[in-house]
Amino acid sequence: MLSGHHLETLVAVVEEESFGAAAARLRVTQSAVSQRIRALEQQVGHVVVTREGPCRPTAQGEELLGLARGVASLEADALGRLAGGAPSAVLDVGVNADSLATWFRDVIAAVAALPDGPLLRLVVDDEHHTADLLRAGSVLGAITTDPEPVQGCAVEYLGTMRYVPVCTPGYAERWRAGGRWRWREMPVVQFDLRKDELQTKVLHRRGIRESPPMHRIPSSEAFTYAVRAGLGWGSLPEADLGDALDRGALIRLTDDTVDVKLYWQSWRLHTRATERLADAIHAAAAVHLR
């Protein structure tokens, strides 16, 4: 049977990225950390973490990380109940930046309103890649576009997040000639040059495969500001638009929209903390997603 101390030590080494920092966090010696990791590796028959540079989990270590976080969540839930509801449960959650900047705020508010709510640790990544955080054992749950459950996880449909390609009227004057957009020439705002597919999909629908001039703004709030300031065009979440289209502060480049289906994937853990979080996520999604 795997030791809870060994699994706890693995999590600490991976999160702190070194044996020394993990030792400080656990308040033990670095030698003790090394001994625990070696004992864990001997028990499972595999190297579980790299030793050179920032410590990273191996493929076998990633399998154990999911187990370790699950055990920690169950333990924290039990201790919280015994302590009269102390907020000892820690929930690592993967969420995409646009959700975090819009509808997921209601989830944060719901958790904040709980007198004995869990401690949230959010990991931000593109919605197409947050499921990888589950596979790596980095989080207990994730907002993702992947409907196929990660092994050991349950998946639930949340709704659709709609994006609308927009720009300012001043931008339109510069880049629309004779009622036609100069798609190949006009600058576009991208959240991430490698992962952001929202603007690319709009361009591909127009048969444009080459990249136009691009601004990279890796922040949802700053991305929205950049489009509203006229830096370039971009696909904004419907929830971010408000009455900007009605007031004429923004105009649509096309009637097309980009719809992104979102799912909640989480490890099959039945604790009060995870169930409350799931309830808050579903409640917020019901209000803000299509």
Side-chain angles (χ1 to χ4, degrees), residues 94-103 124-133 142-148 155 157-263 265 285 288-290:
V95 60
N96 59 305
D98 285 341
S99 290
L100 183 58
T102 53
W103 67 273
V124 180
D125 203 343
D126 182 85
E127 62 271 16
H128 300 293
H129 297 267
T130 46
D132 292 336
L133 297 172
I143 307 298
T144 176
T145 57
D146 192 349
E148 294 299 321
V155 58
Y157 178 63
L158 294 175
T160 297
M161 196 165 184
R162 172 161 290 180
Y163 291 82
V164 182
V166 296
C167 69
T168 63
Y171 181 91
E173 289 179 8
R174 294 194 301 273
W175 297 104
R176 185 170 57 182
R180 302 187 65 178
W181 296 103
R182 293 152 58 189
W183 292 101
R184 289 179 173 81
E185 304 169 41
M186 56 190 195
V188 59
V189 181
Q190 288 280 85
F191 182 87
D192 188 301
L193 300 184
R194 296 167 299 160
K195 297 180 179 179
D196 189 357
E197 299 179 0
L198 296 171
Q199 286 65 237
T200 301
K201 287 182 177 180
V202 175
L203 292 170
H204 284 180
R205 289 173 184 174
R206 272 138 199 91
I208 299 170
R209 300 292 170 175
E210 64 272 22
S211 297
M214 289 186 179
H215 300 284
R216 179 178 180 269
I217 310 291
S219 158
S220 288
E221 292 83 355
F223 182 100
T224 298
Y225 178 81
V227 173
R228 289 178 177 270
L231 184 67
W233 72 269
S235 297
L236 296 186
E238 198 172 42
D240 263 352
L241 294 176
D243 63 351
L245 294 176
D246 294 333
R247 292 187 293 106
L250 292 173
I251 63 174
R252 296 182 66 148
L253 281 79
T254 169
D255 289 336
D256 289 352
T257 59
V258 179
D259 289 343
V260 177
K261 292 182 178 180
L262 296 179
Y263 301 84
Q265 283 212 43
H288 297 286
L289 301 181
R290 286 177 167 265

Are the side chains of D98 and M161 in contact, using a 4.5 Å heavy-atom criterion?
yes
Between S99 and the options L289, V260, L158, I143, the side-chain contact (heavy atoms from CB on, under 4.5 Å) test singles out I143
Gap separating the CZ atom of R162 from the NZ atom of K261, nearest 0.5 angstrom
12.0 Å
With the side chain counted from C-beta on, respond yes when L253 and V202 share a heavy-atom pair under 4.5 Å apart, and no when they do not.
no
Can you tell me how far the CG atom of N96 sits from the OG atom of S220, to the nearest 0.5 Å?
7.5 Å
Quick note, salt bridge (charged side-chain N to carboxylate O under 4.0 Å, His left out) partners involving residues 168-181, not counting sequence neighbours, are none
Side-chain donor-acceptor pair present, T130, D125, cut-off under 3.5 Å
no
Indicate the atoms forming the closest heavy-atom contact of V166 with V227, along with that distance.
O-CG1, 3.7 Å
In Å and rounded to the nearest 0.5 Å, what is the OH to CG distance from Y225 to L231?
10.0 Å
Quick one, T145 with L262, criterion side chain to side chain contact (heavy atoms under 4.5 Å, CB included). Give me CA distance, side-chain angles, the key distance, then yes/no.
CA-CA 5 Å; T145 57; L262 296 179; 4.1 Å; yes
For the atom pair OH (Y163) and OG1 (T257), what is the distance rounded to the nearest 0.5 Å?
12.0 Å
Does atom CG of D255 have more than 12 heavy-atom neighbours from other groups under 6.0 Å away?
no
Give the minimum heavy-atom separation between F191 and S219, together with the two atoms involved.
CE1-N, 3.3 Å
Taking it one step at a time, do R205 and V258 satisfy side chain to side chain contact (heavy atoms under 4.5 Å, CB included)?
CA-CA 11 Å; R205 289 173 184 174; V258 179; 4.3 Å; yes
Kindly state each residue pair satisfying side chain to side chain donor-acceptor pair (under 3.5 Å) with at least one member in residues 230-240, sequence neighbours excluded.
Q199-S235, T224-D240, E238-R290
Start with the C-alpha gap between L236 and F223, add the side-chain angles, then the distance that decides, and say whether side chain to side chain contact (heavy atoms under 4.5 Å, CB included) holds.
CA-CA 9 Å; L236 296 186; F223 182 100; 3.6 Å; yes
H215 side-chain N/O to G232 backbone N/O, donor-acceptor pair under 3.5 Å
no
Backbone N/O of R206 and side chain of W183: donor-acceptor pair under 3.5 Å
no
NZ of K201 to CG of D256: how many Å apart, nearest 0.5 Å?
12.5 Å
Hey, what do you get for CG (D146) to NE2 (H129), rounding to the nearest 0.5 Å?
11.0 Å
Side chains of L250 and L245 in contact at under 4.5 Å (non-hydrogen atoms)
yes
Counting N and O atoms only, with roles assigned by atom type, does the side chain of Q265 sit under 3.5 Å from a partner on the main chain of E148, one being a donor and the other an acceptor?
yes
If you count heavy atoms of other groups shown closer than 6.0 angstrom to OH of Y157, is the number above 12?
yes
Does T200 reach the side chain of Q190, with side-chain heavy atoms less than 4.5 Å apart?
yes
For G207 against R184, the heavy-atom pair lying closest together:
O-NH2, 4.1 Å
